[in-house]
Amino acid sequence: MRTEHAPTIRRADYRPLAWTVDAVELYFSLDPEATIVRNTMQMVRQGDGPLVLLHEGLMREDLTINGEPPRKMRDEGGRIEIEVEPGLDAVEVVVVTRLNPSLNTELSGLYQSAGGLFTQCEAEGFRRITCFPDRPDVMARFTVTLEADKRDYPVLLSNGNLVGQGDLEAGRHFAKWEDPFRKPCYLFALVAADLVVLERKATTMSGREVLLQVYVEEGNLDRSGHAMDSLEHSMRWDEETFGLELDLDRYMIVAVGDFNMGAMENKGLNIFNAKYVLAKPETATDVDYENIESVVAHEYFHNWTGNRVTCRDWFQLTLKEGLTVFRDQQFSADMLARAGGETARAVKRIEDVRVLRTAQFPEDAGPMSHPIRPDAYQAIDNFYTATIYEKGSEVIRMLHTILGVEGFRNGMDLYFSYHDGQAVTCDDFVEAMSEANGVDLDQFMRWYSQRGTPTVHADVAFADGQCTLTLTQSRPDKDDEPLQIPVAVGFIGADGMDLPLRLKGEAEAGTTTRVLQLKEMQQQFVFDGIPTDAVPSLLRGFSAPVVMAVNESDEKLAFRMANDADPFNRWDATQRYMTRTLLGMAASGDPKVPEAFISAFDVLLNNEALDPAFRAVALTLPSEPYLLEQMDVANPAALRTALMLMSKAIGTELAQDWLRIDEAMAVPGEYRYHPADAGKRSLRNLALRYLCAANVNEGVAAAELRVARATNMTERFGALLALVQSPAIESADLALKAFEQEFSQDALVMDKWFSVQAAAWRWSEAQPSTLERVEALTRHPAFSLSNPNKIYSLFGGFFRNNPAEFHRADGAGYRFWADRIRELNARNPQVCSRMARMLENWRRYTPELQQQAKAQIEALVGDEALSPDVREVLEKALG
Ligand code: B3K
Ligand code: ZN
């Protein structure tokens with residue numbers, strides 16, 4: 001493991017390499033303990049300077065240049081520099097390394113999982129396999145031969161096309177793969193394992209027949225169909241929406257149980273966390289189905305946005321990630337709308353914004369805050385962040401809003417026509433958008449260099465038959481210049497109907513929603529003919545990733561909850577009302593739930609004209625991390641008290657409505673993954689959630705029955721969650737036991753079982769503390785420190801989803817956290833670093849909590865053995 005302090009890498013220091021790789025031939029003699037890699041590179045000079053090869057933790061057996069050991073070579077800090085004689089412009093470099101995949105607990109490079117061998121190379125894992133100029137701007141042709149024991153590793157896969165295979169002596173066999181496209185080494189992959197495969201043929205829009213494959217462990221074929229369907233839908237969508245076709249004859253998805261993140265877009269050989277592949281109704285929830293569809297799409301879309309056109313350097317990461325998230329969000333929205341209508345699309349938008357507000361807003365307000373294109377980093381793996389991904393996607397979405405569907409498509413076409421096969425920058429992308437549309441986007445580019453969530457203050461004034469909307473933008477960094485912010489607005493008349501809008505000077509009124517372009521620090525927009533009792537609805541559809549600050553009375557919020565024609569803003573009105581009420585309760589010494597709140601809630605709950613899916617998201621309380629972020633001083637205990645009271649009140653006072661809804665939302669017949677059914681199940685689960693929180697007997701009984709009898713996991717798990725999150729401790733324990741017995745052999749279901757317990761609220765002192773429970777669960781036979789999903793479920797679930805129990809007044813949560821960091825640091829720095837980030841916003845908490853958190857972080861930072869990934873996060877937290 002690396003223990004040296006990592007230097008800071010700066011975007012401004014980018015220089016092209018003097019030597020690049022034209023073609024690389026890799027020969028793997030695979031063995032779990034002693035794999036030999038022979039790497040033959042044809043390298044060419046493209047400028048002045050030494051030939052550079054990067055490496056990490058390798059046992060090197062040989063290194064030659066044109067058949068000789070290098071004469072002038074420096075090897076320091078993972079960087080080899082070879083002086084090549086002047087006049088020599090092409091050389092062959094051969095490197096032989098020996099690897100022990102069974103000891104690779106970092107899951108970066110070549111590693112072992114459930115007896116198979118897998119790779120993960122993004123961002124810098126390839127240098128853990130062989131010495132290579134491991135940077136995304138080195139795009140080479142790859143030929144790969146894999147040789148392994150045939151019985152243990154019957155399936156041998158790598159990128160591109162299979163060009164040869166056969167048996168060898170001593171029970172071994174080989175497969176030779178050739179990738180017809182140049183690629184950076186972070187897209188290299190291999191799989192050697194005992195797997196079964198689901199296959200389908202598909203025809204691309206140009207009429208080529210392609211082979212689609214989903215590889216899973218024996219026994220999981222019945223769970224691979226949804227991933228395959230998702231792949232087919234993604235292919236079709238990219239053809240129809242962007243004219244982009246699959247460029248290979250064969251496209252493979254492989255599921256693996258041990259994986260640091262969601263999935264990886266390796267060219268033609270996507271490797272997936274099994275969680276994002278495997279689904280059947282008995283074991284996967286609607287949310288799992290939705291996630292699988294979106295992750296499969298995401299990785300597939302990378303084939304163009306990421307692989308065919310890649311990043312020049314890692315600072316440009318959002319070039320591929322922000323854009324690809326935007327593409328997968330659009331795809332999912334279209335798929336949902338096709339099946340479930342426009343509300344389903346709106347619900348998807350709401351879910352995406354909820355993620356942004358829960359994960360990205362706090363990140364952008366904390367010590368790790370960075371622009372979507374950062375200027376510096378220490379460990380690149382720390383920068384696969386909500387900012388790069390989710391805010392990056394919002395930035396692309398704003399371009400889409402500004403340029404329109406057609407303009408955006410023209411920009412994409414131009415981008416590919418200029419840059420196919422290249423490694424480029426975010427500027428190249430925005431320039432193509434600008435040129436294709438004849439639109440100046442210079443000011444827009446500031447979104448790439450400014451960090452922090454902007455706030456837009458809105459002031460609405462009526463005078464002389466005119467309504468003046470004054471918008472003012474502000475950001476954390478004082479020197480920031482104004483951003484271009486598209487603000488979609490509407491006005492709702494007293495009758496609840498949207499008003500047609502006419503800006504001053506315009507002859508006729510137009511649409512009821514207008515996108516205003518805020519480009520100055522402050523700007524006024526004057527509308528004619530808006531009655532003084534009209535209610536503004538601002539930032540419709542969340543047209544920009546900003547905080548919209550506007551003074552709105554409870555009555556106006558309730559009015560918008562009942563009438564706003566923009567479903568996103570209608571939802572947002574509920575969130576604002578809930579947030580305000582909860583924070584008010586948390587701040588009060590004697591918290592009570594206001595009656596007006598319950599009745600506004602009641603109106604929405606019983607509005608049969610609204611789709612169940614919408615009612616479910618609208619009636620779900622804002623997430624705890626988001627609420628904490630809204631408090632002047634984050635006080636998890638006070639917030640939890642308010643949340644408990646609120647949940648109880650909603651459950652008690654509306655018990656009859658919830659019971660009726662629970663019955664009415666039953667979906668008859670066999671399970672199908674469909675937004676209409678999923679919406680009903682989701683509202684049904686929410687009903688149980690409130691009923692159980694209020695300990696309503698019929699609700700608890702219904703939940704018990706459902707945990708035992710429901711035939712789909714969505715309802716079973718929804719009921720389990722409702723019980724575990726309730727004061728009905730005994731029912732919860734019984735349900736957990738039954739669940740455990742049934743699923744003890746199913747790793748993915750057990751992940752759910754761990755996470756639901758980690759998130760458990762403590763309703764009374766009589767209940768054992770969640771921390772003790774989490775500690776005990778670390779000794780459960782199904783738990784394992786070497787499986788990232790388990791870490792994310794149990795520890796992540798506790799640190800992230802259970803603030804009140806984690807930030808305990810006695811500091812025991814922090815001590816537990818610090819011990820886990822020490823334990824994981826040596827094993828898997830990437831996963832550990834994610835856990836380390838769970839306390840980065842410690843300065844937001846009460847002084848007593850701050851003091852204890854700080855002491856733990858300081859003690860960790862003093863430890864020399866800290867990996868650079870974890871060190872960067874913790875030092876920034878203290879900094
Ligand atoms: N590109 C990968 C993420 C790699 C993370 C490396 N630490 C998955 C994705 O965004 O599609
Ligand atoms: Zn991605």
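As the structure lists them, so they are numbered: ligands from 1, and atoms in each ligand from 1.
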Side chain, backbone, both or neither: which applies to K320 and ligand 1 if a contact is any heavy-atom pair less than 4.0 Å apart?
side chain
I'd like to know if [X] and [Y] make a salt bridge, using a cut-off of under 4.0 Å between side-chain N and carboxylate O.
{"X": "E124", "Y": "R127", "result": "yes"}
{"X": "K183", "Y": "E265", "result": "no"}
{"X": "E178", "Y": "R141", "result": "no"}

Heavy atoms only: which of F301, Y384, Y389 lies closest to atom 9 (C) of ligand 1?
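Looking at heavy atoms only, the winner is Y389.
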Could you work out, for atom 11 (O) of ligand 1, the closest of E122, E124, E299 by heavy-atom distance?
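Looking at heavy atoms only, E299 sits closest to atom 11 (O) of ligand 1.
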From the N, O or S atoms in E321, identify the one nearest to the Zn ion (ligand 2).
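This turns out to be OE1.
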Check whether H226 reaches the backbone of Y289 with its side chain - one donor and one acceptor, N or O, closer than 3.5 Å.
yes
Do we see a donor-acceptor contact under 3.5 Å between the side chains of N828 and N260?
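On atom types as modelled, these side chains qualify, holding a pair under 3.5 Å.
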Protein contact to atom 8 (C) of ligand 1 [nearest heavy atom, distance to 0.1 Å]:
A263 O, 2.9 Å
Got the closest protein heavy atom to atom 7 (N) of ligand 1, with its distance?
D381 OD1, 3.0 Å
With the Zn ion (ligand 2) at the apex, how many degrees lie between NE2 of H298 and NE2 of H302, rounded to 10 degrees?
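The two atoms form an angle at the metal of about 100°.
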